Amino acid sequence: MSDIAKAASRSRTYNHIHISNSNVGVVNTGHLARIDAAITISVGTEKEEFGARLKDLTDAIVNEAALDAGLRQQMVEVVQAISDQAVSKTPSNIVATTLFERLKQLASDTAVIAVAVEKLHGAWVYLQGLP
C-alpha cells in the first residue's frame with residue numbers, strides 16, 4: 001500500500017482541510033481524503049511548504065461561495081491529481097504542468113483561488129529545483 005493510500009485510509013476526518021457546513025457533500029470525499037493525506041505526508045519534509053499551499057488552495061476551493069458545484073468538483077479533482085504527483089516517488093513534471101494549466105483555466109474567474117493556484121505552482125516549481 002502506498003504512503004498516500006495509507007494516510008487516506010486512516011480516517012474520514014480531515015486534519016488539514018476545513019469545510020464550512022454549507023459545503024459538506026458538494027465534493028467527492030475520496031478526493032479530499034487523498035489531498036489531506038498528501039498534506040499529512042508533506043509535514044516535516046522538504047515538501048512541507050507545498051503541503052501548506054495545497055491546504056490553502058483546497059480550503060479556498062471548498063469554501064468559495066461563488067463556485068457552482070460542478071466547477072468546484074472539477075477543481076478538487078485536478079488538485080487531487082496534482083497532490084498525487086507531489087507525493088509520488090516518480091512525479092512527472094509534464095503531467096503536473098498540464099494539470100496546473102488546467103487548474104489555472106478553471107480558476108481564472110475567481111481571484112482568491114487564482115492567487116492560491118499561483119502560490120501552489122510556485123511551491124511545485126521550487127520542489128522541482130531541489131536535488
Side-chain angles (χ1 to χ4, degrees):
M1 181 179 277
S2 71
D3 290 341
I4 191 98
K6 286 177 195 172
S9 68
R10 287 188 188 132
S11 171
R12 288 294 172 223
T13 300
Y14 307 120
N15 297 313
H16 305 284
I17 301 169
H18 304 286
I19 304 172
S20 67
N21 287 337
S22 62
N23 288 324
V24 172
V26 296
V27 292
N28 181 311
T29 56
H31 295 305
L32 292 180
R34 290 180 69 88
I35 294 167
D36 194 72
I39 296 166
T40 298
I41 290 168
S42 74
V43 174
T45 73
E46 72 279 354
K47 296 178 182 178
E48 190 161 11
E49 179 67 20
F50 182 88
R53 299 298 66 80
L54 181 62
K55 177 202 176 309
D56 293 346
L57 174 59
T58 305
D59 284 346
I61 292 169
V62 298
N63 293 305
E64 176 56 56
L67 290 181
D68 69 53
L71 181 57
R72 184 183 325 277
Q73 184 61 37
Q74 287 179 51
M75 286 182 179
V76 168
E77 287 180 29
V78 175
V79 170
Q80 182 252 301
I82 290 169
S83 70
D84 285 353
Q85 285 296 310
V87 297
S88 170
K89 289 182 181 7
T90 56
S92 169
N93 197 38
I94 190 71
V95 170
T97 298
T98 302
L99 291 167
F100 272 111
E101 287 173 6
R102 179 63 181 138
L103 189 56
K104 288 176 184 180
Q105 291 170 346
L106 292 170
S108 64
D109 290 336
T110 311
V112 171
I113 296 173
V115 168
V117 169
E118 288 301 326
K119 289 180 179 180
L120 181 65
H121 187 245
W124 172 265
V125 170
Y126 173 78
L127 280 178
Q128 298 315 298
L130 293 177

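Every value quoted in this text rests on a predicted model; they were computed, and no experiment measured them.
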Chemist: Hey, does the side chain of Ser83 reach the backbone of Gln80 with a donor-acceptor pair shorter than 3.5 angstrom?
Modeler: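 At least one qualifying donor-acceptor pair exists.
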Chemist: Could you tell me which non-hydrogen atom of Asp68 sits nearest to which non-hydrogen atom of Leu71, and how far apart they are?
Modeler: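 Residues Asp68 and Leu71, closest heavy atoms: OD1-N, 2.8 Å.
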Chemist: What's the shortest heavy-atom distance between Leu106 and Gln74, and which atoms?
Modeler: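 Result for this residue pair: CD2-OE1, 3.4 Å.
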Chemist: I'd like to know whether NZ of Lys104 has more than 12 heavy-atom contacts from other residues, nucleotides or ligands below 6.0 angstrom.
Modeler: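 Yes, enclosed.
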Chemist: State whether the side chain of Ser88 and the backbone N or O of Thr90 hold a donor-acceptor pair below 3.5 Å, judged by distance alone.
Modeler: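 Yes; at least one donor-acceptor contact below 3.5 Å.
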Chemist: Please check this pair: side chain of Arg72 against backbone of Ile61, looking for a donor-acceptor N/O pair closer than 3.5 Å.
Modeler: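 Yes, the answer is positive, given that a donor and an acceptor are paired below the 3.5 Å cut-off.
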Chemist: Main chain of Ser92, side chain of Gln85: is a donor-acceptor contact present, judged purely on distance under 3.5 Å?
Modeler: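 Checked: pair present.
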Chemist: Between Phe100 and Trp124, what is the ring plane arrangement, given parallel below 30°, perpendicular above 60°, and tilted in between?
Modeler: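 Rings of Phe100 and Trp124: tilted, 30 to 60°.
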Chemist: Please enumerate all residues that pass side-chain contact (heavy atoms from CB on, under 4.5 Å) together with Ala52, with sequence neighbours excluded.
Modeler: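 side-chain contact (heavy atoms from CB on, under 4.5 Å) list for Ala52, sorted by chain: empty.
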Chemist: Which atom pair, heavy atoms only, marks the closest approach of Val78 to Leu99?
Modeler: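 Reported closest heavy-atom pair: CG1-O, 3.4 Å.
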Chemist: Mind checking what makes side-chain hydrogen bond (donor to acceptor under 3.5 Å, both in side chains) contact with Gln105, not counting sequence neighbours?
Modeler: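 So Gln105 forms a side-chain hydrogen bond (donor to acceptor under 3.5 Å, both in side chains) with Arg102.
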Chemist: Please check: side-chain N/O of Thr98 versus main-chain N/O of Ile94, any donor-acceptor pairing under 3.5 Å?
Modeler: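 At least one qualifying donor-acceptor pair exists.
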Chemist: So, Glu64 side chain and Ala60 main chain: donor-acceptor pair closer than 3.5 Å or not?
Modeler: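 No; judged by distance alone, with no hydrogens or angles, the pair does not exist.
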Chemist: Distance-only, no hydrogens or angles: does the Lys55 side chain make a donor-acceptor pair with backbone N or O of Ile39 under 3.5 Å?
Modeler: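 Looks like no, no N/O pair under 3.5 Å.
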Chemist: Between Asn63 (side chain only) and Asp59 (backbone N and O only), is there a donor and an acceptor less than 3.5 Å apart?
Modeler: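 Yes, the answer is positive, given that a donor and an acceptor are paired below the 3.5 Å cut-off.
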